[in-house]
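Beneath this line is the structure, given in structure tokens, with notes to follow.
In this text the structure is predicted, and so the values were computed from the model without any measurement.
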Amino acid sequence: MEDLLINVDWVEIGWASWDTLVMVGLSLLFSVLIGLPLGVLLFLTGKRQLLEQPAVYSVLSFLVNVLRSVPFIILLIVMIPVTVMIIGTSLGVAGAIPPLVAGGAPFFARLVETSLREVDRGIIEATQAMGANIRQIIFGALLPEALPGIIAAVTVTAITLVSYAAMSGVVGGGGLGDLAIRFGYQRFQTDVMVITVALLVIFVQLLQMAGDRLVLYFSRR
């Protein structure tokens, strides 16, 4: 086992790990920034909600479902022209972020909508009775009450993006996935494959533990 690990380029492993963290971090940030308002809008325009708009909800729901239904490996390839137009390249960390956001934002938006639906309707009605407007209801009642669920949604989305980021290695996206494909698969270096898988498992476990702690903390407040 020791002889096996000696041949591993740990510097390369370190940079690949850093690239994966950057990809997941940036794509999660943009997924939340896009997905949170989209999820709130889906909730508000849904049936029997404050801004009920069946046509708007149907269009948004359709777009979200389309993006969620496309396998990420296909989305990576389909979005190459769009990625090149936005970033200037479809390779490396930067080239992986647009498809990661396109896959993560609608996923997160649907989870946010589900979390908001679990808020007690009596809280919304009580806030309305006090004369609150839509903005005050959203920021004063809906989001604070749904915060544990939204944090759980962020955790699930982050873990999903870890697997997506690994998949982006198929088209030269960089990170641990790219390392596993170039060295572990194409060059038959089993040690590199085992290490990359172990690191991805560790990343997921750390994300889940941090998310669970935050959900527990905000649930008790």
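Hydrophobic clustering (side-chain heavy atoms under 4.5 Å, transitive across Ile, Leu, Val, Met, Phe, Trp, Tyr) keeps Met209 apart from Val156. Under the 4.5 Å side-chain contact rule for hydrophobic residues, Leu38 and Tyr57 share a cluster. Residues Trp15 and Val93 share a single hydrophobic cluster, defined by chaining ILVMFWY side chains whose heavy atoms lie under 4.5 Å apart. If you chain together hydrophobic residues whose side chains sit under 4.5 Å apart, Val40 and Leu42 never meet in one group. Note on Met85: it does not cluster hydrophobically with Leu75, by side-chain heavy-atom contacts below 4.5 Å among ILVMFWY residues.
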Test side chain to side chain contact (heavy atoms under 4.5 Å, CB included) applied to Leu50 and Phe43, step by step: CA-CA 9 Å; Leu50 298 173; Phe43 171 75; 5.7 Å; no
Full working for side chain to side chain contact (heavy atoms under 4.5 Å, CB included) between Ile87 and Ile97: CA-CA 9 Å; Ile87 304 296; Ile97 291 175; 5.9 Å; no
Trace of the side chain to side chain contact (heavy atoms under 4.5 Å, CB included) decision for Leu28 with Leu100: CA-CA 8 Å; Leu28 179 62; Leu100 284 171; over 6 Å; no
Verdict with supporting geometry, Val32 and Val154, side chain to side chain contact (heavy atoms under 4.5 Å, CB included): CA-CA 7 Å; Val32 171; Val154 171; 4.2 Å; yes
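Residues Gln49 and Arg117 have side chains in contact (heavy-atom distance under 4.5 Å, counting atoms from C-beta outward). At a threshold of 4.5 Å between non-hydrogen side-chain atoms, the residues Leu142 and Leu44 count as touching. Using a 4.5 Å heavy-atom cutoff, the side chains of Thr89 and Val84 are not in contact.
At distances below 3.5 Å, at least one donor-acceptor pair connects side-chain atoms of Gln136 with backbone N or O atoms of Asn133. Ser61 places no side-chain N or O within donor-acceptor distance of the main-chain N or O of Ser58, the cut-off being under 3.5 Å.
Going from atom CG of Leu41 over to atom CD of Gln53 covers 10.0 Å, rounded to the nearest 0.5 Å. Annotation: the span from Thr127 atom OG1 to Glu125 atom CD amounts to 9.5 Å, rounded to 0.5 Å. In this structure, CG on Leu207 lies 12.0 Å from CD1 on Ile202, to the nearest 0.5 angstrom. Interatomic distance, CD1 of Ile159 versus OH of Tyr164, reported as 13.0 Å (0.5 Å rounding). Rounding to the nearest 0.5 Å gives a distance of 8.0 Å between CG of Leu76 and OG1 of Thr83. Going from atom CE of Met167 over to atom CD1 of Ile73 covers 6.5 Å, rounded to the nearest 0.5 Å.
In this structure, Val24 and Ala158 approach most closely via the heavy-atom pair CG1-O, 4.0 Å. Closest approach of Asn65 and Arg110 over heavy atoms only: OD1-NH2, 2.9 Å. Here the shortest heavy-atom pairing between Val119 and Ala146 reads CG2-CB, 3.8 Å. Of all the heavy atoms in Leu176 and Ser17, the pair that sits closest is CD2-OG, 3.7 Å. When all heavy atoms are compared, the tightest approach of Gly211 to Ile151 is O-CG2, 4.1 Å. The heavy-atom pair separating Ser168 from Met23 by the smallest distance is OG-SD, 4.0 Å.
Considering only residues two or more places apart in sequence or on other chains, Arg213 meets the salt bridge (Lys or Arg N to Asp or Glu O under 4.0 Å) condition with none of them.
Applying side chain to side chain contact (heavy atoms under 4.5 Å, CB included) to Phe108 and the options Ile150, Val101, Leu33 leaves one that passes, Ile150.
Salt-bridge formation is not detected for the pair Arg48/Glu52: no Lys NZ or Arg NE/NH1/NH2 atom is positioned less than 4.0 Å from an Asp or Glu carboxylate oxygen.
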